[in-house]
Amino acid sequence: FKEGNGPTDSCAAVSQIDRLQSEPESILKWREEQKEHLEKLDANSRKQEAEWKEKAIKELEEWYARQDENLQKTKASNRLADEAFYKQPFADVIGYVAAEEAFVNDAEDIFPGTEWERVAQLCDFNPKSSKQAKDVSRMRSVLISLKQAPLVR
């Protein structure tokens with residue numbers, strides 16, 4: 001006859017019982033109190049974890065709802081803006097013409113010493129917004145220094 005949850009050796013079972021009987025009553029009481037205390041802590045921990053999970057799920061659902069609402073508002077406003085733009089005559093060339101006019105207007109305002117400022121306007125100097133794999137910090141610093149102190153001929 002074998003036991004499933006205990007030592008299989010009968011001598012080991014006897015030695016374990018002898019050890020428990022040889023401990024003082026105060027230590028046995030302390031062990032029981034510690035066991036009960038740890039069980040309470042575990043139960044509280046599980047309860048708190050369940051509450052946190054419920055709260056996180058609720059907050060995540062609210063965040064998704066707000067995101068979806070904002071996305072729907074943005075889509076609607078973009079559709080209205082597109083409809084208004086395309087109702088204009090020659091809408092397909094307006095964007096191209098506007099960009100070309102802005103470029104020509106900027107080209108007409110060329111003054112000596114402003115070349116690097118114009119180049120700097122075309123560059124994005126925010127290192128976080130660039131999604132390039134290459135490091136362009138040296139080029140960025142050169143352009144900024146040229147903008148601040150242009151070359152003298």
Side-chain angles (χ1 to χ4, degrees), residues 1-103 105-106 114 116-149:
F1 177 80
K2 286 189 170 183
E3 294 182 40
N5 288 338
T8 56
D9 186 16
S10 60
C11 293
V14 170
S15 66
Q16 184 179 7
I17 291 172
D18 286 343
R19 184 181 60 83
L20 290 176
Q21 288 177 352
S22 65
E23 287 183 345
E25 185 68 28
S26 60
I27 293 178
L28 290 175
K29 184 178 177 183
W30 177 82
R31 283 186 198 272
E32 289 296 320
E33 289 175 358
Q34 282 299 105
K35 185 177 178 182
E36 291 173 9
H37 180 69
L38 290 175
E39 287 174 357
K40 287 179 185 177
L41 289 177
D42 287 342
N44 288 338
S45 175
R46 285 189 294 269
K47 180 182 174 184
Q48 195 173 25
E49 183 180 355
E51 290 174 359
W52 286 345
K53 284 183 181 180
E54 290 175 13
K55 183 179 176 183
I57 289 171
K58 188 181 295 184
E59 287 179 1
L60 194 58
E61 288 174 354
E62 290 173 1
W63 184 83
Y64 278 125
R66 283 193 310 270
Q67 282 295 104
D68 191 39
E69 182 180 331
N70 290 340
L71 183 64
Q72 297 304 326
K73 286 180 183 178
T74 304
K75 284 181 181 180
S77 66
N78 287 346
R79 285 189 191 113
L80 289 175
D82 285 347
E83 287 175 8
F85 178 77
Y86 286 115
K87 286 180 182 177
Q88 298 174 359
F90 306 108
D92 54 343
V93 292
I94 288 176
Y96 174 74
V97 171
E100 186 178 6
E101 286 176 359
F103 181 75
N105 289 339
D106 285 345
T114 61
W116 290 112
E117 289 181 22
R118 292 182 60 232
V119 170
Q121 288 176 353
L122 298 173
C123 298
D124 182 19
F125 290 113
N126 188 0
K128 292 182 180 177
S129 68
S130 65
K131 294 187 168 62
Q132 299 173 348
K134 295 182 180 179
D135 183 24
V136 292
S137 59
R138 287 183 60 204
M139 183 66 176
R140 187 180 305 115
S141 64
V142 167
L143 287 174
I144 290 173
S145 66
L146 285 171
K147 176 183 171 188
Q148 292 171 351

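Predicted model only: the values in this text are computed from it and were never measured.
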Q: Show me the donor-acceptor pairs, under 3.5 Å and distance only, between side chains in residues 32-39 and residues at least two apart or in other chains.
A:
none

Q: So how far is it from Lys47 NZ to Asp42 CG, rounded to the nearest 0.5 Å?
A: 14.5 Å
Q: Check side chain to side chain donor-acceptor pair (under 3.5 Å) between Lys75 and all other residues, then give those that pass, not counting sequence neighbours.
A: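 Residues passing side chain to side chain donor-acceptor pair (under 3.5 Å) with Lys75: none at all.
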Q: Any salt bridge between Lys53 and Glu49, counting N to O under 4.0 Å?
A: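 Looking at Glu49 together with Lys53, the answer is yes, because their closest N to O distance falls below 4.0 Å.
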Q: Would you give me the side-chain donor-acceptor pairs under 3.5 Å for residues 61-73, sequence neighbours excluded?
A:
residue	atom	partner	partner atom	Å
Asp68	OD1	Gln72	NE2	3.4
Glu69	OE2	Lys73	NZ	3.4
Asn70	ND2	Arg66	O	3.4

